[in-house]
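Reviewing the structure listed below.
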Amino acid sequence: MEKKVCVITGATGGIGTAAVNQMVKNYKVLLSDINQEKIDVRVAELREQGYEVDGMVCDTSDRAQVRVLADKAASMGPVQGVIQLAGLTPAVAYFKDIVAVDCIGMMNINEEFFRVMERGGSIMDICSCAGHFFGEDVLPMDIFETALVDKQKFYDDFTELLADYGDDTAAAQMAYVFGRSFAYWYARKCAYPFGRRKGIRVNTVSIGFVKTKRTVDDYILAGEDPDEKIATQMSYSAFGRPGTPEEVAHVFEFLIDERNSYLTGCDIYFDNGCDANGYMGQQFNFDPSEITYDPENTSLLENR
Ligand SMILES: NC(=O)c1ccc[n+]([C@@H]2O[C@H](COP(=O)([O-])OP(=O)(O)OC[C@H]3O[C@@H](n4cnc5c(N)ncnc54)[C@H](O)[C@@H]3O)[C@@H](O)[C@H]2O)c1
């Protein structure tokens, strides 16, 4: 049977590389990122291993380029999956660029792929636990709503708000956090119309911490010791270690799989329990083996 197509943006990044390795096993993969040379190297390598792949440069913040990417994907066969990983971090990016890629880029991808995908297709938009730090009482919900009707106004209003955070560093950090909150909100907004009109599913994965070159470099750029920082952050987690790109790639495959035909509008917290544990450690820890019960009366069913 002919393989369906899966498109991966940010495909030559740390997580993107693992996502490609996972998806090539069962899909024709279209790799997309911003550096032609890196794409060419990966495509050549994968073709040599016998996989059906193609590659294309696409800056996701540029609607015209995303349109070409979507058309290219559709020309390869039915598009089953889109794994949207293109993104910038505050350690390296200007705040306006974070909004352009993390927010506008994500909308461009969802909307252009809505146009070309068929019933049963599935989109995974990357999110972050940072996107859950603030509730709707703090988030600029009125600006978020604007995105559904006027992207330029959304971009202008959002960047104006972020500029008020003082210096560029603070603005970039807020652009990332609010931007990921937007990603979570927008993907959920997509679930109903995408499902109703074309049977396409839209879900997000909120990553806590997956160790990649980017995440380590970000700590170094901030003048911090990555090992120390990661150890502290992971001390609040269930397994005490960062996630791997391969582990999260497995979650993506699960979401794209057409057997998950009822799963839409969901967010998977991929954070090894950091959020459940309150990030800074639970106030009241418990030991499951020490919870007491009456050994004479182990069932609470009333025999009426
Ligand atoms: N690693 C983590 O712990 C973590 C946590 C939360 C969210 N995320 C998100 O997951 C994604 C992948 O993370 P990563 O650690 O592999 O980072 P990464 O920097 O290695 O990968 C991001 C990729 O996006 C590409 N990109 C940047 N701007 C682009 C644009 N305009 N158009 C297309 N592609 C563009 C980059 O070239 C890069 O290859 C990112 O969006 C990141 O913000 C990661």
Side-chain angles (χ1 to χ4, degrees), residues 7-22 30-39 41-42 55-70 82-94 96-109 112 124-133 155 172-173 175-184 187 204-221 226 229-230 233-234 237 241-249 251-252 267-272 274-275 279:
V7 181
I8 303 178
T9 71
T12 61
I15 295 174
T17 299
V20 170
N21 291 340
Q22 180 77 32
L30 177 57
L31 290 81
S32 159
D33 210 306
I34 46 176
N35 183 307
Q36 184 74 62
E37 208 182 313
K38 283 189 186 171
I39 292 175
V41 169
R42 271 300 271 160
M56 178 179 262
V57 162
C58 172
D59 170 356
T60 59
S61 68
D62 183 323
R63 183 62 175 245
Q65 290 187 36
V66 176
R67 176 162 275 256
V68 175
L69 181 75
V82 176
I83 298 177
Q84 149 61 20
L85 294 170
L88 296 170
T89 56
V92 285
Y94 183 49
K96 290 188 177 181
D97 293 341
I98 296 177
V99 175
V101 178
D102 290 17
C103 304
I104 304 284
M106 174 201 180
M107 287 191 281
N108 287 339
I109 289 286
E112 285 298 336
M124 190 300 300
D125 288 314
I126 200 65
C127 194
S128 165
C129 287
H132 298 276
F133 285 169
Y155 175 82
Q173 277 160 354
Y176 182 76
V177 174
F178 281 178
R180 290 305 181 191
S181 305
F182 173 79
Y184 169 71
T204 50
V205 174
S206 286
I207 298 179
F209 189 80
V210 167
K211 194 173 177 186
T212 63
K213 185 174 181 320
R214 169 82 283 128
T215 48
V216 170
D217 285 354
D218 281 359
Y219 282 136
I220 294 170
L221 275 168
K229 241 353 232 190
I230 294 168
Q233 203 176 330
M234 291 302 110
S237 72
R241 65 165 176 86
T244 67
E246 290 71 26
E247 285 171 314
V248 72
V251 178
F252 300 153
D267 180 58
I268 294 182
Y269 249 115
F270 186 83
D271 76 338
N272 88 113
C274 286
D275 182 76
Y279 287 103

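Atoms within each ligand, like the ligands themselves, are counted from 1 in listed order. Side chains included, hydrogens not; waters and symmetry mates left out as well; all remaining heavy atoms used.
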Is a donor on one side and an acceptor on the other found under 3.5 Å between the side chain of T89 and the backbone of D218? no
Run through ligand 1 for me and note each protein residue having a heavy atom under 4.0 Å from it, chain first, then residue number. G10, T12, G13, G14, I15, D33, I34, C58, D59, T60, L85, A86, G87, L88, V101, I126, C127, S128, Y176, R180, I207, F209, V210, T212, R214, T215
Could you list the residues that satisfy side-chain contact (heavy atoms from CB on, under 4.5 Å) with I104, not counting sequence neighbours? M107, N108, K151, F154, Y155
Name all residues meeting the side-chain contact (heavy atoms from CB on, under 4.5 Å) criterion together with A187; count only those two or more places apart in sequence or in a different chain, and write none if there are none. M106, D125, V202, T204
Got a sec, which residues hit side-chain contact (heavy atoms from CB on, under 4.5 Å) with T12, two or more places apart in sequence or on another chain? D33, K38, I39, R42
Under a 3.5 Å cutoff, is there a donor and acceptor pairing between the side chains of S206 and H132? yes
Is S181 reaching over with its side chain to a backbone N or O of G131, donor-acceptor style, under 3.5 angstrom? yes
